[in-house]
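Single-structure report; data block below.
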Protein chains: 2
Amino acid sequence: MGRPREFNIESAIIAATRLFITDGYEGCSMDRLVQSTGIHRGSLYAAFGSKRGIFLECLRTTLTDTADPPSSSELLLVALGELAARDDEIRALCAQAIKARGENAAHELGIQLLARAGLNEGHV
Amino acid sequence: MGRPREFNIESAIIAATRLFITDGYEGCSMDRLVQSTGIHRGSLYAAFGSKRGIFLECLRTTLTDTADPPSSSELLLVALGELAARDDEIRALCAQAIKARGENAAHELGIQLLARAGLNEGHV
DNA sequence: ACAGTTAAAGAATGAACGTTCAAGAACAAT
DNA sequence: ATTGTTCTTGAACGTTCATTCTTTAACTGT
């Protein structure tokens with residue numbers, strides 16, 4: 001029933017995740033999301049409801065699907081830095097992920113924060 | 001020569017710093033900066049040149065004036081999370097501050113990141 | 001063939017953004 | 001008193017933002 005969906009929602013999430021990681025949440029516009037996912041505005045809104053909805057789905061997928069913590073930390077970093085303080089649902093997701101990381105979660109996040117900022121060990 | 005400046009530039013920096021810390025860089029609009037510093041648009045632009053100029057001055061002041069690292073870490077966190085990767089001048093300032101913090105800079109930043117996100121030890 | 005339903009497509013919407021500008025006000029120097 | 005300079009003030013600018021809406025296309029069931 002109805003016209004079939006032409007885009008793959010999973011690859012859209014992957015593309016959006018990549019963009020959120022490189023540009024941050026506020027730094028990433030819907031225009032860029034439309035452009036980089038290859039999915040049109042209306043379709044994105046029909047599928048996710050809002051920009052926040054897209055991010056939420058990316059975060060959920062990343063945190064549950066990704067086996068090794070380091071690679072899922074990048075989006076977690078964005079969530080913690082820009083969204084968690086003001087968004088209960090996102091904060092809860094973050095809290096859960098951090099608890100799962102155990103003792104040195106803070107240390108690893110700090111390292112990743114520096115790496116993301118372009119401040120790797122030694123070379124300024 | 002000329003009309004004397006009526007506002008105190010240092011207290012403007014303090015007010016702006018507070019706002020940047022609570023709202024982040026992108027999350028803090030010029031409207032709110034105008035409102036919370038009590039200085040009018042034109043005057044802010046005359047004094048700092050741009051929104052980035054305001055932030056840069058806040059960061060410089062915070063990093064050099066503040067004796068204890070923890071309290072200056074909050075703005076550093078904002079700089080690292082939103083600006084450093086794309087802004088050479090800000091990245092250089094951050095690099096210097098981090099070098100000065102020594103070995104466990106990353107660990108302390110991670111802790112502060114979690115605190116800022118509202119994820120303090122234990123209570124979710 | 002024809003409803004009925006769902007997706008694609010992108011123009012349109014209004015609010016919010018950072019920034020600039022023109023007018024007036026307050027001072028020093030002549 | 002006049003000129004030159006600097007600051008104040010807030011309206012206005014063009015752009016970009018997230019979101020909505022309308023139209024058209026593609027499919028299923030009758």
Side-chain angles (χ1 to χ4, degrees), chain A residues 1-13 15-59 75 78-79 81-87 89-90, chain B residues 1-13 15-59 75 78-79 81-87 89-90:
Chain A
M1 8 89 159
R3 178 172 175 173
R5 180 175 276 165
E6 288 177 9
F7 67 89
N8 182 334
I9 205 162
E10 293 179 15
S11 60
I13 290 176
T17 298
R18 236 188 322 252
L19 201 57
F20 279 131
I21 286 175
T22 59
D23 293 6
Y25 181 79
E26 302 275 9
C28 162
S29 68
M30 281 302 298
D31 273 352
R32 310 244 346 237
L33 280 167
V34 166
Q35 181 186 337
S36 96
T37 57
I39 302 170
H40 295 262
R41 265 182 165 53
S43 304
L44 275 178
Y45 273 88
F48 300 103
S50 66
K51 183 186 176 186
R52 174 187 175 276
I54 302 176
F55 185 87
L56 198 58
E57 217 35 54
C58 290
L59 187 60
L75 196 61
V78 174
E82 297 186 57
L83 267 10
R86 315 201 111 72
D87 189 316
E89 197 172 3
I90 288 182
Chain B
M1 6 87 161
R3 178 173 177 172
R5 180 176 278 164
E6 287 177 10
F7 66 89
N8 182 335
I9 205 162
E10 293 179 16
S11 60
I13 290 176
T17 298
R18 236 187 321 250
L19 201 58
F20 279 130
I21 285 175
T22 59
D23 293 6
Y25 181 78
E26 303 273 10
C28 162
S29 69
M30 280 302 298
D31 273 351
R32 310 242 349 235
L33 279 167
V34 165
Q35 180 186 339
S36 96
T37 58
I39 303 169
H40 294 262
R41 267 182 160 55
S43 303
L44 275 178
Y45 274 87
F48 299 103
S50 66
K51 184 186 176 185
R52 175 187 174 274
I54 302 176
F55 185 87
L56 197 58
E57 216 37 51
C58 289
L59 187 60
L75 196 62
V78 174
E82 297 187 56
L83 267 11
R86 315 200 109 74
D87 188 317
E89 197 172 1
I90 288 182

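Just so it is clear, the model here is predicted, and its values are computed rather than measured. Each chain gets a letter, A, B and so on, in the order the sequences are listed, and its residues count up from 1.
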Who are the side-chain hydrogen bond (donor to acceptor under 3.5 Å, both in side chains) partners of A/Gln35, not counting sequence neighbours?
none
Could you list by number each residue of residues 26-37 of chain A showing a heavy-atom separation from DNA chain D of less than 4.0 Å, or answer none if no residue does?
A/Cys28, A/Ser29, A/Met30, A/Asp31
With sequence neighbours excluded, residues passing ring pair (Phe, Tyr, Trp, His ring centres under 6.0 Å) with B/Phe48
none
What is the bend of the helix from C/dA1-D/dT30 to C/dT30-D/dA1 when you compare the axis at one end with the axis at the other, using five pairs each and rounding to 10°?
10°
With sequence neighbours excluded, what pairs up with B/Arg18 under the side-chain hydrogen bond (donor to acceptor under 3.5 Å, both in side chains) test?
none
Quick check for you: to the nearest 0.5 Å, what is the distance between B/Phe20 atom CZ and B/Leu59 atom CG?
10.0 Å
Quick one: salt bridge (charged side-chain N to carboxylate O under 4.0 Å, His left out) partners of A/Arg32, sequence neighbours excluded?
A/Asp23
Is B/Leu33 close to B/Met30 at the side-chain level, that is, under 4.5 Å between some pair of heavy atoms?
yes
CZ of B/Phe55 versus P of C/dT19: gap in Å, rounded?
14 Å
With a 4.5 Å heavy-atom cut-off, do A/Asp87 and A/Arg52 have their side chains touching?
yes
What nitrogen or oxygen pairs link the protein and nucleotides 24-30 of chain C at under 3.5 Å?
unit_1 : atom_1 : unit_2 : atom_2 : d
C/dA25 : N3     : B/Arg3 : NH1    : 3.3
C/dA28 : O4'    : B/Met1 : N      : 3.4

Roughly, in whole Å, what's the span from OH in A/Tyr25 to C1' in D/dC17?
12 Å
Working to the nearest 0.5 Å, report the span between OG of B/Ser29 and CG of B/Leu19.
8.0 Å
Non-hydrogen atoms of B/Ala12 and B/Thr37 that approach each other most closely
O-CG2, 3.7 Å
Residue list, side-chain contact (heavy atoms from CB on, under 4.5 Å) with B/Arg3, at least two apart or on another chain
B/Glu6
Any residue meeting salt bridge (charged side-chain N to carboxylate O under 4.0 Å, His left out) with B/Glu26, in chain and number order, not counting sequence neighbours:
none
With sequence neighbours left out, write down each residue that passes side-chain hydrogen bond (donor to acceptor under 3.5 Å, both in side chains) with B/Asn8, or none if nothing qualifies.
none
Excluding sequence neighbours, so at least two apart, what forms ring pair (Phe, Tyr, Trp, His ring centres under 6.0 Å) with A/Tyr45?
none
So which of residues 38-54 of chain B are in contact with DNA chain D, with a heavy-atom cut-off of under 4.0 Å?
B/His40, B/Arg41, B/Gly42, B/Ser43
